[in-house]
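Some notes on the structure that comes next.
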Amino acid sequence: MHRLKELDVLRGFAALNVMLYHYTSRYFEIFQIQNQPNFEWYFGHHGVELFFMISGFVIFMSLQNVTNIKEFILKRAIRLYPAYWICILITLFISVIYNIPRSDDFSSFQILMNFTMIQGIFEIPNIDGVYWSLLPELFFYILMGTLYYLNFLKNIKIIAIIWLSWMILNKSGLFPFGEYFLNLKYGMFFLAGIFFYNLKFNKGSFVDHLIVLSCLFTAIYVNGETYNLIIYPIWFATFYLFIGGKLSYFNWAPLLFLGSISYPLYLLHQNIGYALITYLYSYLPNYFIVISSTSLMMFLLAWLVIKYLENPLSLFLKHKFLSNLNLSKKSKISTDLDHFSHKNVLEKSR
């Protein structure tokens with residue numbers, strides 16, 4: 001199975017949306033700054049939901065290409081945690097050196113809990129606000145791993161109907177249980193990714209289309225802001241273009257590069273970016289120049305993390321923990337969509 005570069009483009013687009021939201025809208029809201037730029041990308045925070053749809057697609061595909069639950073757990077852990085730990089350390093270091101605005105005085109216990117990625121369960125504050133979205137990802141991984149282990153993935157359509165119904169009942173107040181741990185606020189996006197995978201690779205049926213549309217309507221109902229009537233259909237339409245092979249036109253080197261650095265970019269950009277904007281604006285009183293410069297610096301930092309820290313550490317961990325597993329031929333093929341060779345991207349851009 002060849003690599004789906006369009007997913008890297010979507011990842012990069014999602015990360016860019018979230019970053020622009022923080023830099024053009026959220027920053028000025030947090031710090032009560034009146035002199036705002038003319039450009040405000042308020043809807044960019046919905047890039048997170050696009051990330052969730054991508055995760056649903058990728059995780060379901062990954063489960064078709066592993067031999068056992070141990071392999072799945074190790075691959076997910078190696079994918080998530082090395083970059084996360086590195087980005088926490090960088091954020092903490094820069095917070096101390098440059099006194100990042102809004103940086104709380106975290107206790108040693110709170111810092112250690114942040115390294116687990118489950119600090120939100122215990123209402124421990126995140127070192128960086130963007131970390132909140134990693135917990136829904138973890139809950140989804142646990143759910144899918146459990147379904148795989150119990151051999152229930154063959155009943156994914158029935159599970160989807162039950163899950164969506166639970167979301168609607170929970171929102172209606174008729175069954176107010178499990179919203180947090182069962183991903184009842186965002187689970188429909190992960191589900192949509194699963195059924196988009198079915199439509200692309202498993203010759204999905206009319207029922208798969210119905211479930212995708214049910215995910216869309218459930219998302220609009222559960223997350224009831226008016227503008228979601230526009231944003232969510234755009235994300236779902238984008239995925240339909242993807243499974244129909246219509247996004248290959250956007251496989252440009254710059255967009256693929258953004259996709260390759262999207263995970264550390266997402267983890268690093270908020271607090272460090274706020275510090276850079278505050279610092280640069282004292283010398284360059286033009287927000288367009290300041291935000292553009294900050295974005296470029298964050299791209300560079302994310303690339304450095306990928307090239308010199310995350311990739312070497314991930315390769316070491318894969319060699320140590322995965323080399324002795326009895327991997328199937330399918331899992332040896334390059335089907336892991338979580339990593340993209342920045343080297344190939346740079347070569348294409350030359």
Check whether any side-chain heavy atom of Asp128 sits under 4.5 Å from a side-chain heavy atom of Asn114, and report yes or no.
no

Hydrogens and angles aside, do Asn228 and His46 bring a side-chain donor and acceptor to less than 3.5 Å of each other?
yes

Between Asp8 and Lys5, does at least one N-O distance fall below 4.0 Å, as a salt bridge requires?
no

Pair Tyr84, Tyr263 - check ring pair (Phe, Tyr, Trp, His ring centres under 6.0 Å), show working.
CA-CA 9 Å; Tyr84 177 65; Tyr263 187 40; 7.9 Å; no

Pair Thr24, Glu40 - check side-chain hydrogen bond (donor to acceptor under 3.5 Å, both in side chains), show working.
CA-CA 5 Å; Thr24 67; Glu40 181 183 8; over 6 Å; no

Can you confirm whether the side chains of Tyr266 and Ser133 place a donor and an acceptor under 3.5 Å from each other?
yes

In short, Pro82 meets Ala77 closest at the heavy-atom pair CD-O, 3.5 Å

Backbone of Met113 reached by a side-chain donor or acceptor of Thr116 within 3.5 Å
yes

Got a second to check how far Ile111's CD1 is from Phe106's CZ, nearest 0.5 Å?
7.5 Å

Using a 3.5 Å cut-off and no angle test, enumerate the donor-acceptor pairs between side-chain atoms of residues 204-214 and protein atoms at least two apart in sequence or in another chain.
{"residue": "Ser205", "atom": "OG", "partner": "Val207", "partner atom": "N", "Å": "3.3"}
{"residue": "Ser205", "atom": "OG", "partner": "Asp208", "partner atom": "OD2", "Å": "3.2"}
{"residue": "Asp208", "atom": "OD1", "partner": "Asn198", "partner atom": "ND2", "Å": "3.4"}
{"residue": "Asp208", "atom": "OD2", "partner": "Ser205", "partner atom": "N", "Å": "2.7"}
{"residue": "His209", "atom": "ND1", "partner": "Tyr240", "partner atom": "OH", "Å": "2.9"}
{"residue": "Ser214", "atom": "OG", "partner": "Leu210", "partner atom": "O", "Å": "2.8"}

Starting at CZ of Phe31, measure out to CZ of Arg26 and round the result to the nearest 0.5 Å.
9.5 Å

With a 4.5 Å limit on heavy-atom distance, are the side chains of Tyr283 and Tyr281 in contact?
no

Heavy-atom donor-acceptor pair, Asn126 side chain to Gly120 backbone, under 3.5 Å
no

Could you tell me if the ring centre of Tyr81 sits under 6.0 Å from that of Phe115?
no

Do you know the tightest heavy-atom contact between Tyr42 and Ser25?
CD1-OG, 3.6 Å

I'd like to know if Ile162 and Phe152 are part of one continuous hydrophobic network [Ile/Leu/Val/Met/Phe/Trp/Tyr, side-chain heavy atoms within less than 4.5 Å].
no

Using the six-membered ring wherever Trp is involved, compare the ring planes of Phe190 and Phe140 and label them parallel, tilted or perpendicular (cut-offs 30° and 60°).
parallel

Given Arg79 and Glu310, is the salt bridge (Lys or Arg N to Asp or Glu O under 4.0 Å) satisfied, shown in steps?
CA-CA 9 Å; Arg79 167 57 184 146; Glu310 182 195 359; 3.4 Å; yes

Tell me whether Leu169 is reachable from Val222 by hopping between hydrophobic residues (I, L, V, M, F, W, Y) whose side-chain heavy atoms are closer than 4.5 Å.
yes

What's the shortest heavy-atom distance between Ala160 and Leu191, and which atoms?
CB-CD2, 3.8 Å

Sequence-distant partners of Phe288, side-chain contact (heavy atoms from CB on, under 4.5 Å), two or more places apart:
Asn286, Ser292

Would you please indicate if the ring centroids of Phe189 and Tyr232 are separated by under 6.0 Å?
yes

Any donor-acceptor N or O pair under 3.5 Å, side chains Tyr186, Glu49
no

Ring pair (Phe, Tyr, Trp, His ring centres under 6.0 Å) between Phe196 and Phe242, intermediate numbers included:
CA-CA 9 Å; Phe196 275 121; Phe242 160 57; 8.3 Å; no

Testing the basics here: between Arg11 and Ile54, what is the closest heavy-atom pair and its distance to 0.1 Å?
N-CD1, 3.7 Å

How about Asn17 and Trp41: does a side-chain donor come under 3.5 Å of a side-chain acceptor?
yes

Which heavy atom of Pro136 sits nearest to which heavy atom of Phe52, and what is that distance?
CB-CZ, 4.0 Å

Donor-acceptor check, side chain of His269 to backbone of Leu265, threshold 3.5 angstrom: yes or no?
yes

Starting at CG of Leu135, measure out to CG of Asn183 and round the result to the nearest 0.5 Å.
8.5 Å

Between Phe28 and Tyr287, ring centroids under 6.0 Å
yes

For the side chain of Ser282 and the backbone of Tyr279, is there at least one donor-acceptor N/O pair under 3.5 Å apart?
yes

Does Trp303 reach the main-chain N or O of Phe257 with its side chain, forming a donor-acceptor pair under 3.5 Å?
no

Under the 3.5 angstrom rule, does the side chain of Asn65 hit a backbone N or O of Met61 as a donor-acceptor pair?
yes

Treating Ile, Leu, Val, Met, Phe, Trp and Tyr as nodes and any side-chain heavy-atom pair under 4.5 angstrom as an edge, say whether Trp132 and Leu138 lie in one connected cluster.
yes

When you group the ILVMFWY residues by side-chain heavy-atom contacts below 4.5 Å and let the links chain together, are Tyr308 and Ile306 in the same group?
yes

So how far is it from Leu258 CG to Ser260 OG, rounded to the nearest 0.5 Å?
7.5 Å

CG of Leu63 to NZ of Lys75, rounded to nearest 0.5 Å, is 10.5 Å

Phe93 reachable from Leu276 in the ILVMFWY side-chain graph, under 4.5 Å edges
yes

For the pair Phe175 and Trp166, name the ring-plane relationship: parallel under 30°, tilted 30 to 60°, perpendicular over 60°.
perpendicular

For residues Phe250 and Val9, report the shortest heavy-atom separation together with the two atoms involved.
O-CG2, 3.3 Å

For the residue pair Ser172 / Tyr221, report whether a side-chain donor-acceptor contact shorter than 3.5 Å exists.
yes

Which residue pairs pass the side chain to side chain donor-acceptor pair (under 3.5 Å) test with at least one member in residues 135-156, sequence neighbours excluded?
Ser55-Glu137, Glu137-Tyr141

Does Ile86 reach the side chain of Leu89, with side-chain heavy atoms less than 4.5 Å apart?
no

Using 30° and 60° as the class limits, which term best fits the ring planes of Phe201 and Tyr197: parallel, tilted or perpendicular?
tilted

CE of Met144 to CD1 of Ile159: how many Å apart, nearest 0.5 Å?
8.0 Å

For Tyr274 and Thr294, does a side-chain donor sit closer than 3.5 Å to a side-chain acceptor?
no

Test Phe60 against Phe195 for ring pair (Phe, Tyr, Trp, His ring centres under 6.0 Å), laying out the working first.
CA-CA 9 Å; Phe60 194 66; Phe195 285 92; 7.5 Å; no

